[in-house]
Amino acid sequence: MVEEQPKYNPRATEIITLGRLGKRKGSYDILHVAKQLESEFPNVCFTLFGDGEIEEVEREMEALASQNVRLGGWLLKEDRDEIVAGTVLHLLPSYQEGLPMSILETMSEGIPNLASDVGGIPQVIQDGENGMLIKPGDISSMVEKLRYFLTDEKLREKLSKAAYEKIKTDFSLEKYFEKWDRYYESLLEEESQESLSISNLDERQKEWS
């Protein structure tokens, strides 16, 4: 469901990740990115929501002495609006993906994404237009793009508006039903043409008999 108006706050200070924790999702890369940006952006917090390799991620956080990262567990429905209101970016540097619902859901709220250019993600996110893309495991590029993003409020607003419009235009419930309507219309047209062909064949058979 696409919101009528996005509630994005370009001055929010929380970067979130939604999904399972683990290497495939780039969770450990996030920890190293956060550490590099910690002193430069002391008010920005990275929150990883979900389950998975929680103990392993916690050990890595302790090894890095991270002060700007926390684990949020499962994001409960009753906490969703509050989290959305405080989120400046959704970060998903996965090594393998299809087309994650977390990207579609956050974009529908006007929240920009920084994600890996894997799976179906590049079909939704255009780098520099409605979000940001990186190669899997490219920590230096992630740091560079986040630094630019966090220091440019106009960029955040631009990406937010474009992200929301992308979902509203291509992935809203209305667009979903429109696509199904076109699909069923094409089936009916094929069926009608097939019936016409059979009818013509029957007529020819009568003429030959």
Side-chain angles (χ1 to χ4, degrees), residues 3 6-95 100-116 125 131-134 136-160 163-164:
E3 296 290 335
K7 302 172 184 177
Y8 180 67
N9 177 9
R11 297 182 181 178
T13 57
E14 189 164 20
I15 294 174
I16 66 169
T17 299
L18 301 172
R20 290 183 64 83
L21 278 60
K23 181 175 176 56
R24 186 175 72 84
K25 290 288 187 178
S27 302
Y28 302 101
D29 292 345
I30 293 174
L31 301 184
H32 287 270
V33 167
K35 188 63 181 178
Q36 291 189 42
L37 295 172
E38 187 173 16
S39 59
E40 192 173 349
F41 301 96
N43 295 327
V44 173
C45 176
F46 292 75
T47 304
L48 283 67
F49 289 99
D51 61 2
E53 300 174 12
I54 294 176
E55 293 182 1
E56 294 87 341
V57 171
E58 285 180 334
R59 284 197 292 269
E60 186 70 9
M61 288 168 60
E62 291 174 2
L64 293 170
S66 301
Q67 300 299 314
N68 61 340
V69 183
R70 71 182 184 93
L71 303 183
W74 276 111
L75 179 57
L76 301 176
K77 187 175 181 180
E78 55 266 30
D79 298 329
R80 182 178 179 276
D81 288 346
E82 182 181 352
I83 295 300
V84 166
T87 297
V88 71
L89 178 81
H90 179 240
L91 179 59
L92 195 67
S94 303
Y95 285 76
M101 282 301 299
S102 59
I103 286 181
L104 300 179
E105 289 172 354
T106 49
M107 288 177 69
S108 74
E109 298 279 2
I111 297 173
N113 273 254
L114 192 164
S116 302
I125 299 177
M132 297 169 287
L133 293 174
I134 50 124
D138 192 346
I139 291 176
S140 61
S141 179
M142 211 184 319
V143 169
E144 180 182 349
K145 291 196 174 190
L146 278 174
R147 181 178 287 120
Y148 183 37
F149 177 82
L150 292 171
T151 54
D152 191 335
E153 185 172 335
K154 288 185 178 179
L155 173 64
R156 298 195 291 274
E157 291 175 343
K158 169 196 164 184
L159 296 181
S160 170
Y164 172 76

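Count residues from 1 along the sequence.
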Which atoms form the tightest heavy-atom contact between [X] and [Y], and what is the distance?
X      : Y      : value
Tyr95  : Lys23  : CD1-O, 3.2 Å
Ala65  : Lys35  : O-NZ, 3.2 Å
Gly131 : Leu159 : N-CD2, 3.6 Å
Tyr8   : Pro112 : CE1-CD, 3.4 Å
Lys145 : Leu133 : NZ-O, 2.7 Å
Gly110 : Pro6   : CA-CB, 3.9 Å

For the [atom1] atom of [X] and the [atom2] atom of [Y], what is their distance to the nearest 0.5 Å?
X      : Y      : atom1 : atom2 : result
Lys158 : Lys154 : NZ    : NZ    : 12.5 Å
Ser66  : Phe46  : OG    : CZ    : 10.0 Å
Thr47  : Arg70  : OG1   : CZ    : 3.5 Å
Lys7   : Thr87  : NZ    : OG1   : 13.0 Å
Ile30  : Leu91  : CD1   : CG    : 4.5 Å
Leu21  : Glu58  : CG    : CD    : 9.5 Å

Is the closest side-chain heavy-atom distance between [X] and [Y] below 4.5 Å?
X      : Y      : result
Asp29  : His32  : no
Leu146 : Leu89  : yes
Met61  : Leu71  : yes
Leu114 : Phe149 : no
Val57  : Val69  : no
Leu150 : Glu40  : no
Ser27  : Thr17  : no
Leu75  : Leu18  : yes

Backbone of Arg156 reached by a side-chain donor or acceptor of Ser160 within 3.5 Å: no
Donor-acceptor check, side chain of Asn113 to backbone of Ile111, threshold 3.5 angstrom: yes or no? yes
For side-chain contact (heavy atoms from CB on, under 4.5 Å), just list the numbers for Val88 and Thr13, CA-CA rounded to whole Å, side-chain angles, deciding distance to a tenth of an Å, and then say yes or no. CA-CA 6 Å; Val88 71; Thr13 57; over 6 Å; no
Intermediate values then yes/no, side-chain contact (heavy atoms from CB on, under 4.5 Å), Arg20 and Asp51: CA-CA 5 Å; Arg20 290 183 64 83; Asp51 61 2; 3.1 Å; yes
Test log, rule side-chain contact (heavy atoms from CB on, under 4.5 Å), inputs Val44 and Leu37: CA-CA 9 Å; Val44 173; Leu37 295 172; over 6 Å; no
With side-chain contact (heavy atoms from CB on, under 4.5 Å) as the criterion, how do Phe41 and Asn68 come out once you've worked through the C-alpha distance, each side chain's angles and the decisive distance to 0.1 Å? CA-CA 9 Å; Phe41 301 96; Asn68 61 340; over 6 Å; no
In terms of side-chain geometry, is the basic nitrogen of Glu53 or Lys25 positioned less than 4.0 Å from the acidic oxygen of its partner? no
Under a 4.0 Å threshold between the charged nitrogen and the carboxylate oxygen, would Glu62 count as salt-bridged to Arg59? no
Candidate pair Glu105 and Arg80, rule salt bridge (charged side-chain N to carboxylate O under 4.0 Å, His left out), full reasoning: CA-CA 11 Å; Glu105 289 172 354; Arg80 182 178 179 276; 5.8 Å; no
Has Glu153 got more than 12 heavy atoms of other residues, nucleotides or ligands less than 6.0 Å from its CD? yes
Glu55 atom CD: more than 12 heavy-atom contacts under 6.0 Å: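 Counting neighbours around CD of Glu55, 12 or fewer heavy atoms of other residues, nucleotides or ligands fall under 6.0 Å, so no.
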